[in-house]
Structure formats: structure tokens, C-alpha cells
Amino acid sequence: MLTIWGRENSVNVKKVLWCAAELDLAFNVIPAGGEYGKNKDPLFLALNPNGLVPCLQDDDNDLVLWESNTIVRYMAAKFGQDIWLLADAAVRATSEKWMDWALSSLAPALTPVYINLIRTPAAKRDKQLIENGVKRCEELFDIAETALEKQPYFSGEKFGIGDIPIGCLAYNWFTLDIERKPRTHLQTWYDAISSRHGFQTRVMLPLS
Ligand SMILES: N[C@@H](CCC(=O)N[C@@H](CS)C(=O)NCC(=O)O)C(=O)O
């Protein structure tokens, strides 16, 4: 059995829950982090010394994993090889490039905007930080738009793991009350992922 530790409104936990939904996996969820706490308890720190969610336990092989993208990669490698064509090194690397880009470029640009607009009282918001973050996100989404001129998904011709981390961040981007530059291909991709049941149930939650 798989156990996923984490609060369902976390962008990193959403990646794992959405991936599990796409693969139709059975799993237990232990809400942790944020209002649920637990993530600084010795029991949890023994699993993930970083004290962060998500964390995955796979009883099948006594495995404990943390880092959301790594958990997505693991679940995909174990249960999604065929549907996501992961045996093809080029297809796999194309997807993984966008997973790493989401973690290293897009998330650092978008997170301060999100925290300021959603988790900070209006009087305490840092307008300059929001403005800078939105500007950087626009530059990054221009890169994404150019990529999507050539292929419908970040994973290639079909939906795959390369779409999951960006998809979770894109939901925040498209749902925040900000002005956004319109982009045809990004919008078409976003409409396509928005029609997926796993995205609707695991990602499209009220921002909190
Ligand atoms: N790079 C890590 C980051 C994990 C992370 O920052 N998790 C946040 C939630 S998105 C967390 O645990 N924050 C503490 C909390 O929720 O209490 C990953 O991708 O899994």
C-alpha cells in the first residue's frame, strides 16, 4: 500500500495526488503540514528530516521518498511505464526537463506572488515583490508558450509527467487575481489539462 503524507492544498502534494489519480492508484493520505502539523514530529522527521510534505511510503519495498518531483518520477516508473512511454529515454528526458524547470525556475518566481496574495493580509503585502514575481512568471510563460507551439503537451504529443508540476503551478497562475498576458498555446494546453478528472479533483481546489 502507498501512503502519502501531506495537506491537499499544498502545490507539491497536489503533484503527487494528481499523479496517483492519473495512474488510478489506491493509497492512504495522512494530512500533514500547515494546519495539520505532524511534519515536525519525530515520527515524521524520521521519514523526512526536512520536515516538509509530501512524503511517500511504499510498503511494497519499504521505501520512503521525499521531494515531490522524485515521488512523481517513482510512481510513474513503477506504475506508468507503458502509458507514459518512459522506457524511451528521449520521451522521458523531455518530460523531466519541464519538471525540473517547474521546480527550479517557475516555482521560485510564482511562490512569493502566491504567498503575498493568498496568505498575507492585504495591508502587509509587498507590492514590489508581487510585481517582480509576475514579471518573471510572464518571461517564463513566454518560454512555455514557444515550446507549446511545437507540441501540445510539455511531455510531447501526449499528456505525461512533464505536465504535472507545471500544471499545478499553472492552476495557481490562472486562478490568482492578477492581470496576465494572453497566450494561445498555453491556454489550449491549460484547457486540455483542466478537462482531466485527476486535475479537477486534486488540483482545482480553492486557493488557500
Ligand atoms: N522541494 C520540496 C519542497 C517541499 C515543500 O516546500 N513543501 C511545503 C508545502 S508546498 C511544506 O511542507 N511546507 C511546510 C508545511 O506545509 O507545513 C518538494 O518538491 O517536495
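Read the numbers this way: they start at 1 and go in the same order the structure lists the ligands and their atoms.
- Taking hydrophobic clusters as Ile, Leu, Val, Met, Phe, Trp and Tyr residues chained together by side-chain heavy-atom distances below 4.5 Å, Leu169 does not share a cluster with Ile115.
- Between Ser68 and ligand 1, at least one N/O pair is under 3.5 Å apart.
- Cation-pi geometry between Arg180 and Phe174 is not met at under 6.0 angstrom from the ring centre and within 45 degrees of the axis.
- Between Trp173 and Tyr114, the distance from one ring center to the other does not fall under 6.0 angstrom.
- Numbered from 1 in the order shown, with element, the atoms of ligand 1 that lie under 4.0 Å from a heavy atom of Gly34 read 15 (C), 16 (O), 17 (O).
- Summary of contacts: the protein heavy atom closest to atom 12 (O) of ligand 1 is Val53 N, 2.8 Å.
- Judged purely by distance below 3.5 Å, without hydrogens or angles, the side chains of Asn132 and Lys135 never pair a donor atom with an acceptor atom.
- With hydrogens left out, the protein atom closest to atom 10 (S) of ligand 1 is Ser10 OG, 3.1 Å, a heavy atom.
- Scanning all protein heavy atoms for the shortest distance to atom 13 (N) of ligand 1 gives Leu52 CD2, 3.7 Å.
- Taking atom 1 (N) of ligand 1 as the reference point, the nearest protein heavy-atom neighbour is Glu67 OE1, 2.8 Å.
- Against a heavy-atom cut-off of under 4.0 Å, Gly33 is close to the following atoms of ligand 1: 15 (C), 16 (O), 17 (O).
- The part of Asn39 lying near ligand 1 is the side chain, judged by heavy-atom distances below 4.0 Å.
- Shortest contact from atom 3 (C) of ligand 1 to any protein heavy atom: Asn12 ND2, 3.6 Å.
- Remark: minimum distance from atom 9 (C) of ligand 1 to any protein heavy atom is reached at Arg7 NH2, 3.4 Å.
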